[in-house]
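Accompanying notes for the structure given below.
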Number of protein chains: 2
Amino acid sequence: MARTGRPRGFDKDQTLTRALELFWSRGYGATSIQDLVDALAVERGSLYGTFGDKRRFYLDAVRLYWEVYERHLIAALDTTPLLPALREILTHPARLDELISDMGVPQGCLVGNTTAELVPHDSEATEVVTRSYRRFTDILTDALRRAQAAGEVTDTARPEAQAQLLLYVVQGLSLVSRAGLDRTAALAAIDTAIDALRA
Amino acid sequence: MARTGRPRGFDKDQTLTRALELFWSRGYGATSIQDLVDALAVERGSLYGTFGDKRRFYLDAVRLYWEVYERHLIAALDTTPLLPALREILTHPARLDELISDMGVPQGCLVGNTTAELVPHDSEATEVVTRSYRRFTDILTDALRRAQAAGEVTDTARPEAQAQLLLYVVQGLSLVSRAGLDRTAALAAIDTAIDALRA
DNA sequence: TGACTTCTTGAACGCCCTGTCAAGAAGTTG
DNA sequence: CAACTTCTTGACAGGGCGTTCAAGAAGTCA
């Protein structure tokens, strides 16, 4: 059953990606529909017809953000040894180079930003955020468990606890980075965290 | 020169504190002046006359939040040994029991929330946030340096790096807590962080 | 070609938001 | 008591917001 009717005049995925960039840099509340219309070169009606209302649009962008991030996370962790990969993950908070080209100032993590702005009073946002955090710790727990078994990572703590701590570090780093990044201090802190994991 | 004219019909500090609670739970954008009027039982004109516009009101609340937090931080760290105090600080993110009575769900750290919502596009907010982070790391660096000298904390990393990492952990924990706190997992992560500091 | 479906356009709607202001109330000072 | 100052009240203005909608444009299908 082929689709009939006038075809869409813009690329849906690409538009969502650009909206994501805008939401990422300005946040949900500070990004108006008019801002999106101007930046995306798509009229209001088309945006509403394609993406629904603003909240749904935003949450779709967050979900896309997390999907891309998770893909990179899994790919990065699928290496041995683990610690250099972990350092890479911590060093580039929310690195989405493929998706977001030519990003300037660090914007933090969109999931973390959503947590601060929409959680807990928006239940759907809370669900998206909670699931993302859970996925992060699950993925890291697996990787840390393997690395502990291989003798690379210390087993003085359970991998679950190490993963949870790494979630805090990544989110804290992403957040604080928004206020201006002192790269030297940040790198020293990251290396301290990584060294603490070494067996 | 005594003040003349009709005296204010409400307590300024107390009103700012209650506004702080509201801003803390709902964020800047989602808290309207009308919300404040309803919750504070102070009319719009009086709020504007006393606190200036909404942004100034909010930033004053953030400054108050930080002042109270910093006082508690310094008091908590002025003990030996340091690590139990650090655990206390991490365990109760943004503990302001004196100021905020009967708080329910964790709201995160107001400075962190401000970072996500107003930084970097609001320069005054950026300044407040940056100064707060700087104060935090300075205070912790001093404490860690003393504890290293006393042989309590490991000197395998510089105290500046340890302090920066603790800032990330506190902010990450505060943020993630907004989305629902698993106390067991959080405590395990905190203990992992504290153990890593032990000499 | 003509019927049908979908997308585009941009004007318009209604709401709520921040911020203002004039009139009255409640104090202090001489 | 009279003059003065400050605070309170609540209506009001102006703007921007999210959202809708009718008319037209651009395709597909028979």
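A note on names: the letters A, B, ... follow the listed sequences, proteins ahead of strands, and every chain is numbered from 1. Being a predicted model, the structure only gives us computed values, none of them experimental.
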Polar atoms only, N or O, under 3.5 Å: list the protein pairs with nucleotides 2-4 of chain D and their distances.
none

Hey, can you pull the donor-acceptor pairs under 3.5 Å for the side chains in residues 179-187 of chain A, sequence neighbours left out?
| residue | atom | partner | partner atom | Å |
| --- | --- | --- | --- | --- |
| D182(A) | OD1 | T184(A) | N | 3.2 |
| D182(A) | OD1 | A185(A) | N | 3.2 |

Scan the side chains in residues 125-132 of chain A for donor-acceptor partners under 3.5 Å anywhere in the protein, sequence neighbours excluded, and list what turns up.
| residue | atom | partner | partner atom | Å |
| --- | --- | --- | --- | --- |
| T126(A) | OG1 | D122(A) | O | 2.7 |
| E127(A) | OE2 | R131(A) | NH1 | 3.3 |
| T130(A) | OG1 | T126(A) | O | 2.6 |
| S132(A) | OG | V128(A) | O | 2.9 |

Just distance, no hydrogens or angles: give the donor-acceptor pairs under 3.5 Å from side chains in residues 147-156 of chain B, sequence neighbours left out.
| residue | atom | partner | partner atom | Å |
| --- | --- | --- | --- | --- |
| Q148(B) | NE2 | T154(B) | O | 3.2 |
| Q148(B) | NE2 | A157(B) | O | 2.9 |
| Q148(B) | NE2 | Q162(B) | OE1 | 3.0 |
| E152(B) | OE1 | L82(B) | N | 2.8 |
| E152(B) | OE2 | L82(B) | N | 2.9 |
| E152(B) | OE2 | L83(B) | N | 2.8 |
| T154(B) | OG1 | T156(B) | N | 3.2 |
| T154(B) | OG1 | T156(B) | OG1 | 2.9 |

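Among residues two or more places apart in sequence or in another chain, the ring pair (Phe, Tyr, Trp, His ring centres under 6.0 Å) test is passed with F51(B) by F57(B). Listed by chain and number, the residues in a salt bridge (charged side-chain N to carboxylate O under 4.0 Å, His left out) with D191(A) are R87(A) (sequence neighbours excluded). For R71(A), there are no side chain to side chain donor-acceptor pair (under 3.5 Å) partners at least two apart in sequence or on another chain. For E124(A), the salt bridge (charged side-chain N to carboxylate O under 4.0 Å, His left out) partners at least two apart in sequence or on another chain are R55(A), R63(A). Remark: Y28(B) engages Y58(B) in a ring pair (Phe, Tyr, Trp, His ring centres under 6.0 Å) (not counting sequence neighbours). For D138(A), the side chain to side chain donor-acceptor pair (under 3.5 Å) partners two or more places apart in sequence, or in a different chain, are R134(A).
Following rounding to the nearest Å, I33(B) (CD1) and dT20(C) (C1') show an atom-to-atom distance of 13 Å. Rounded to an integer number of Å, the gap from CG of D35(B) to P of dC16(C) is 12 Å. Straight-line distance from the CZ atom of R6(A) to the P atom of dC7(C): 10 Å, rounded to whole Å.
Donor-acceptor pairing under 3.5 Å is recorded for the side chains of D35(A) and S32(A).
Using a 4.0 Å cut-off on heavy atoms, none of the residues of residues 47-62 of chain A approach DNA chain C. Taking a 4.0 Å limit (strictly below) on heavy-atom distances, residues 36-46 of chain A reaches DNA chain C at E43(A), R44(A), G45(A), S46(A).
Position along DNA chain D of the nearest nucleotide to G9(B) versus Q34(A) favours G9(B) as the more 5'-ward residue.
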